[in-house]
Engineer: 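The structure's right below; bear with me while I get my questions together.
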Amino acid sequence: VTYDTGAGLKITGGKFLSYLGYEAFDPINMAQLTYGSTIYAIPAYHTGAKLDYATKTWSVGVAVVDSIFSGPRGFFEGDREYSDDVGVEVIATYTGIEKLTLFAGIATENTKGAADDLFIFDFWASYAVTDKLTIAGEIDTNNNNGGDDYVGWLAFASYKFTDKVSTAFRVSGASKGPFGDETKFTVAPTYAIDANLALRAEFSSASTDAGDYTFVGGQIVFKF
């Protein structure tokens, strides 16, 4: 449930997505089929309350939730309880320069009033170079046990060749502490049949310390 006060302030309670992350979590809003390497530090759904305030150039948000990361159902919910830990997200977005968006956010989780080991920082920027070309970049960190256990990054570009054909290009990487390093290259073309229906494909090639892999997939996207 969201209540809009009409003065730039919105109050929300219930289940909602994390503020963090440049790439959309839901497949219907993504530009490709798979996530970039920054996804390892980004939470998804949790339950709680949040306040959002926006002006013409700035927006800020604060969320207090049941947990930052996942519960029994993984990405799709928090841990469903507030007795031993509470998560907090704080973000700010700047849009005062035409066609440029800057975002910075943090997330942390406390246990019985003491600082937990979890602290996430996320920064991304997006710029519409022309009506056809948009570029973006992101970096995030997930600090555990007092050290930088994870650093992820991505560089993204989307180019609209025609009114119906566009393609997303992405390079992403991660240093995942004891889980090693990863670099991933992605190309994802989309053909828009009409305003409600699109066909999307993806080719990704990744190199990791555990070995290399290739992903090839297709998707039908229907919006209504």
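All residue numbers in this chain count up from 1 along the given sequence. Everything numeric in this text was worked out from a predicted model, so none of it was measured.
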Engineer: Quick check against the 3.5 Å criterion: does Glu23 have a side-chain atom that pairs as donor or acceptor with the backbone of Gly36?
Structural biologist: yes

Engineer: Would you indicate whether the side-chain heavy atoms of Ile120 and Phe69 approach each other to under 4.5 Å?
Structural biologist: yes

Engineer: For this output row, return yes or no: ring centroids of Phe123 and Phe121 closer than 6.0 angstrom.
Structural biologist: no

Engineer: Would you say His46's side chain and Asp66's backbone share a donor-acceptor pair under 3.5 angstrom?
Structural biologist: no

Engineer: Classify the side-chain pair Gln32/Thr186 by whether it contains a donor and acceptor separated by less than 3.5 Å.
Structural biologist: no

Engineer: Hey, quick one: are Ile135 and Ile139 part of the same hydrophobic cluster, counting side-chain heavy atoms closer than 4.5 Å, chains of contacts allowed?
Structural biologist: yes

Engineer: Is a side-chain N or O of Asn142 found less than 3.5 angstrom from the main chain of Tyr150, in a donor-acceptor match?
Structural biologist: no

Engineer: Any link between Tyr35 and Phe76 through a network of hydrophobic side chains (Ile, Leu, Val, Met, Phe, Trp, Tyr) touching at under 4.5 Å?
Structural biologist: yes

Engineer: With a 4.5 Å cut-off on side-chain heavy atoms, are Val129 and Thr134 touching?
Structural biologist: no

Engineer: Can you check side chain to side chain donor-acceptor pair (under 3.5 Å) on Glu89 and Ser18, steps first, answer last?
Structural biologist: CA-CA 8 Å; Glu89 292 187 351; Ser18 168; 2.7 Å; yes

Engineer: Over 60° means perpendicular and under 30° means parallel, so tell me whether Phe25 and Tyr45 are parallel, tilted or perpendicular.
Structural biologist: perpendicular

Engineer: If you define the side chain from C-beta out and look only at heavy atoms, does anything of Leu199 sit under 4.5 Å from Ile220?
Structural biologist: yes

Engineer: Look only at the side chain of Thr5 and the backbone of Leu9, and say whether a donor-acceptor pair between them is shorter than 3.5 Å.
Structural biologist: yes

Engineer: Without swapping roles, check the side chain of Asp4 against the backbone of Gly6 for a donor-acceptor pair under 3.5 Å.
Structural biologist: yes

Engineer: So does Asp194 get a backbone contact from the side chain of Lys164, meaning a donor-acceptor N/O pair under 3.5 Å?
Structural biologist: no

Engineer: Looking just at side-chain N and O atoms, do Tyr22 and Asp140 make a donor-acceptor pair shorter than 3.5 Å?
Structural biologist: no

Engineer: Do Lys184 and Ser205 come close enough that some side-chain heavy atom pair is under 4.5 Å?
Structural biologist: no

Engineer: What I'd like to find out is whether the side chain of Val86 reaches to under 4.5 Å of the side chain of Val64, using heavy atoms alone.
Structural biologist: yes

Engineer: Test of understanding: clusters of I, L, V, M, F, W, Y form through side-chain heavy atoms closer than 4.5 Å, transitively. Do Leu118 and Leu20 belong to the same one?
Structural biologist: yes

Engineer: Taking the side chain as C-beta and beyond, is there a heavy-atom pair between Ile106 and Phe119 under 4.5 Å?
Structural biologist: yes

Engineer: Classify the side-chain pair Ser67/Glu109 by whether it contains a donor and acceptor separated by less than 3.5 Å.
Structural biologist: no

Engineer: May I ask you to check whether Glu202 and Thr34 show a side-chain donor-acceptor distance below 3.5 Å?
Structural biologist: yes

Engineer: Backbone N or O of Ala192 within a donor-acceptor pair of the Arg200 side chain at under 3.5 Å?
Structural biologist: no

Engineer: Is the shortest side-chain heavy-atom distance between Glu138 and Asp122 below 4.5 Å?
Structural biologist: yes

Engineer: Would you verify whether the NZ or CZ of Lys50 falls within 45 degrees of the ring axis of Phe16 while also being under 6.0 Å from that six-membered ring's centre?
Structural biologist: yes

Engineer: Roughly how far apart are Ser37 OG and Leu154 CG, rounded to 0.5 Å?
Structural biologist: 8.0 Å

Engineer: If we only count heavy atoms from C-beta on, is the Ile97 to Thr95 side-chain gap below 4.5 Å?
Structural biologist: no

Engineer: Under 4.5 Å between side-chain heavy atoms, counting indirect links through other Ile/Leu/Val/Met/Phe/Trp/Tyr residues: same cluster for Phe185 and Tyr213 or not?
Structural biologist: no

Engineer: Does the pair Phe215 and Phe203 meet the rule for a ring pair (Phe, Tyr, Trp, His ring centres under 6.0 Å), with working shown?
Structural biologist: CA-CA 6 Å; Phe215 172 87; Phe203 172 82; 9.1 Å; no

Engineer: State yes or no: do Phe224 and Ile28 share one hydrophobic cluster built from I, L, V, M, F, W and Y residues joined by side-chain heavy-atom distances below 4.5 Å, directly or via other members?
Structural biologist: no

Engineer: So for atom CG, which belongs to Asp163, do other residues, nucleotides or ligands contribute more than 12 heavy atoms lying within a distance under 6.0 Å?
Structural biologist: no

